[in-house]
> 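Could you have a look at this structure, given as structure tokens, before my questions?
None of the values given here were measured: they were computed from a predicted structure. Just so it is clear: chains get the letters A, B, ... in the order the sequence lines come, proteins before strands, and each one is counted from 1.
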2 protein chains.
Amino acid sequence: MLPNPFDLIPSSALRPISGAIGDVVFHQGDPTHGLYVVQTGRVHLERVGPNGERFIIHRAQAGTSFAEASVFSEVYHCDAVCVEAGALIRIDKAAVLAAFADPAFARAYGRQAAQQIQAQRQMLEIVGVRRAEDRVMAGLVAGLLDGSVVEFAARLQLSHEATYRSLRKLVQDGRVTNPTRGIYHLRP
Amino acid sequence: MLPNPFDLIPSSALRPISGAIGDVVFHQGDPTHGLYVVQTGRVHLERVGPNGERFIIHRAQAGTSFAEASVFSEVYHCDAVCVEAGALIRIDKAAVLAAFADPAFARAYGRQAAQQIQAQRQMLEIVGVRRAEDRVMAGLVAGLLDGSVVEFAARLQLSHEATYRSLRKLVQDGRVTNPTRGIYHLRP
DNA sequence: GGCAGCATATGATTGAAATCATATTGCGAT
DNA sequence: ATCGCAATATGATTTCAATCATATGCTGCC
């Protein structure tokens, strides 16, 4: 089992950053310093449209990284705005580029990236399923219902009502068991 | 500009594979040989549900790779089925793992992976936009309308009719120009 | 214990996108 | 040239998920 790749970065390359709500971590066009890890709070990456509209291109959650591609870029290509106060860590791009010379880091990074890409591809397939019932079933098969149904519904890009109804239908049709309130399992 | 990472893999580790329609490239549970690059044709990655339903978890297009995570895994975790005849190249997992010792490969791979992750995150945000008109606008801002409107609509997970209607509305509202049939540009 | 707040449910209504239908345009093959 | 086919485009209808409404169970807390 390979470790989290960023554990292999020297701590001198890590800069803690505290983000208050509304803080702009970086602007589009700023020279890149590195990638970021969200420890707590939430950060939105946004691009400004031609008429000034703001388009969210990513919502970074606690425990995830963002702006990884900035390591290979001279400037940031979007804005990063803190939408929930928290703590970030910035990882210096030079340190990351240097770390790729360490095969252990390179493999750990490659592994994590490959898994994330697979997971995202699957999410794109799942949210592309039109019928709510089919989407819920696909989500269950993918193991996305680990926490609450509300959270599950959000991942599926469905209203929680539609999700509850689909779950009930799947239970009625015998494809899913509902041993207790809020718990649903695939029937094998 | 870094090269395509797989150009740095020795050609002895590449195995051409011809796929006829319906051919199973690998099965879930098979020991992993490596990742695949689709040269022509299309491959679906599928997982079998508890009742035998087949859930597509990825549609691999020509010019893309799939099963990258298999390099770090002992067995494949899904089936790969050729849905359009074509040519694949299998890249030996040992060669990929070895190549991570080459910093040039590691950086090229990391760069490509980071960009793909960013692009996929953006796609997930875009398909999560509910209103067709907003989704089309987000897609235009993201530069997803390069080919035909039909292809654009498919990327947005919208019917092409809804996409045409949204485009017309955006043109009427002056947010988009339609210099000629099939061509739409953001008004700056 | 009782209250507040949230997750779990489910019914009724609405709205918007899918679907179905129909033209038109443009382009490549014959 | 013209035939067929796919992309473009738009109107009519249907479907189904969002929304609104309401109720209950569970948990934390004062």
Side-chain angles (χ1 to χ4, degrees), chain A residues 42 56 61-62 84 123-140 142-187, chain B residues 42 56 59 61-62 83-84 123-140 142-187:
Chain A
R42 282 183 305 124
I56 296 172
Q61 301 280 332
E84 186 184 306
M123 283 308 302
L124 277 166
E125 283 294 333
I126 290 172
V127 299
V129 174
R130 302 253 192 244
R131 280 218 323 147
E133 196 184 318
D134 297 343
R135 194 135 115 216
V136 166
M137 190 64 192
L140 289 173
L144 299 178
L145 177 47
D146 48 356
S148 72
V149 176
V150 170
E151 190 201 348
F152 180 55
R155 290 192 196 177
L156 295 180
Q157 320 256 49
L158 277 178
S159 68
H160 61 92
E161 294 97 325
T163 306
Y164 281 120
R165 274 186 262 269
S166 300
L167 285 167
R168 176 165 58 91
K169 184 80 186 332
L170 289 167
V171 169
Q172 281 170 356
D173 294 355
R175 305 220 283 154
V176 166
T177 60
N178 179 207
T180 171
R181 190 181 163 86
I183 303 296
Y184 297 86
H185 288 126
L186 287 171
R187 187 188 291 281
Chain B
R42 282 183 306 125
I56 297 171
R59 297 157 211 255
Q61 302 280 333
V83 293
E84 185 183 306
M123 284 307 302
L124 278 166
E125 283 294 333
I126 289 172
V127 299
V129 173
R130 300 254 191 243
R131 280 219 322 148
E133 195 184 320
D134 296 344
R135 194 135 115 216
V136 166
M137 190 64 193
L140 289 172
L144 299 178
L145 177 47
D146 47 357
S148 72
V149 176
V150 169
E151 189 201 350
F152 179 55
R155 290 191 196 177
L156 295 180
Q157 320 256 46
L158 278 177
S159 69
H160 60 92
E161 295 97 325
T163 306
Y164 281 120
R165 274 186 261 270
S166 299
L167 284 167
R168 175 166 57 91
K169 184 81 186 332
L170 289 167
V171 170
Q172 282 170 356
D173 293 355
R175 305 220 284 155
V176 166
T177 60
N178 180 206
T180 171
R181 188 180 165 85
I183 303 296
Y184 297 87
H185 288 127
L186 288 171
R187 187 188 290 281

> Assess the residue pair B:D173 and B:R187 against the criterion (salt bridge (charged side-chain N to carboxylate O under 4.0 Å, His left out)); give the C-alpha distance rounded to whole Å, side-chain angles, the decisive distance to 0.1 Å, and a yes or no.
CA-CA 11 Å; B:D173 293 355; B:R187 187 188 290 281; over 6 Å; no

> Go nucleotide by nucleotide along DNA chain C from the 5' end; which of A:R130 and A:V150 gets its closest nucleotide reached first?
A:V150

> Just how far, in rounded Å, is P of D:dA18 from CZ of A:R131?
14 Å

> Calculate the interatomic distance between B:K169 atom NZ and C:dA16 atom P; express it in whole Å.
10 Å

> Hey, which of these two, B:A162 or A:A162, hits DNA chain D nearer its 5' end, going by closest nucleotide?
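By nearest-heavy-atom nucleotide position, the 5'-most residue is B:A162.
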
> Between A:V176 and A:M137, what is the shortest heavy-atom contact and its length?
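Taking every non-hydrogen atom into account, CG2-SD, 4.4 Å.
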
> Can you check whether B:A162's main-chain N or O pairs, donor with acceptor, with B:S159's side chain at less than 3.5 Å?
yes

> Taking all atoms of both residues into account, what is the closest heavy-atom pair of A:V149 and A:G182, and its distance?
CG2-O, 4.2 Å

> Using whole Å, what does the distance between atom P of nucleotide C:dT24 and atom NE2 of B:H160 come to?
18 Å

> Round to the nearest Å and state the distance from A:E133 atom CD to D:dT15 atom C1'.
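Between C1' of D:dT15 and CD of A:E133: 15 Å.
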
> How would you list, by chain and number, every residue that makes a salt bridge (Lys or Arg N to Asp or Glu O under 4.0 Å) with B:R168, sequence neighbours excluded?
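Salt bridge (Lys or Arg N to Asp or Glu O under 4.0 Å) check on B:R168 returns nothing, list empty.
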
> What is the distance, rounded to the nearest whole Å, between atom CD of A:Q157 and atom C1' of D:dA17?
14 Å

> Could you tell me which non-hydrogen atom of B:L158 sits nearest to which non-hydrogen atom of B:R135, and how far apart they are?
CD2-NH2, 3.7 Å

> Does C:dT10 have its OP1 or OP2 closer than 4.0 Å to a side-chain nitrogen or oxygen of A:R168?
yes

> Quick test: give all pairs of protein nitrogen or oxygen and nucleotides 25-27 of chain C nitrogen or oxygen below 3.5 Å, distance rounded to 0.1 Å.
residue	atom	partner	partner atom	Å
C:dT25	O4'	B:R181	NH2	3.4

> In whole Å, I'd like the distance from the CG atom of B:L167 to the C1' atom of D:dA7.
13 Å

> For residues B:R155 and B:M123, report the shortest heavy-atom separation together with the two atoms involved.
O-CE, 3.3 Å

> If you check every side-chain atom of A:E161, which of D:dA9, D:dA7, C:dG11 has the closest atom?
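Closest nucleotide among those given: C:dG11.
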
> Between the base of C:dG11 and the side chain of A:R165, is there a donor-acceptor distance below 3.5 Å?
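Under the 3.5 Å cut-off, the side chain and the base do form a donor-acceptor pair.
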
> So, OP1 or OP2 of D:dT10: does either fall under 4.0 Å of a side-chain N or O from B:Y164?
no

> Would one find a side-chain N or O of A:Y184 under 4.0 angstrom from OP1 or OP2 of C:dA9?
yes

> On DNA chain C, compare the nucleotides closest to A:V149 and B:L158; which residue's is nearer the 5' end?
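By nearest-heavy-atom nucleotide position, the 5'-most residue is A:V149.
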
> Can you tell me the distance, in whole Å, between the CG atom of A:D134 and the C1' atom of D:dT15?
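Taking atom C1' of D:dT15 as the reference, CG of A:D134 is at 14 Å.
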
> Mind checking A:F152 for me? I need base, sugar-phosphate or nothing, with any heavy atom below 4.0 Å counting as a touch.
nothing

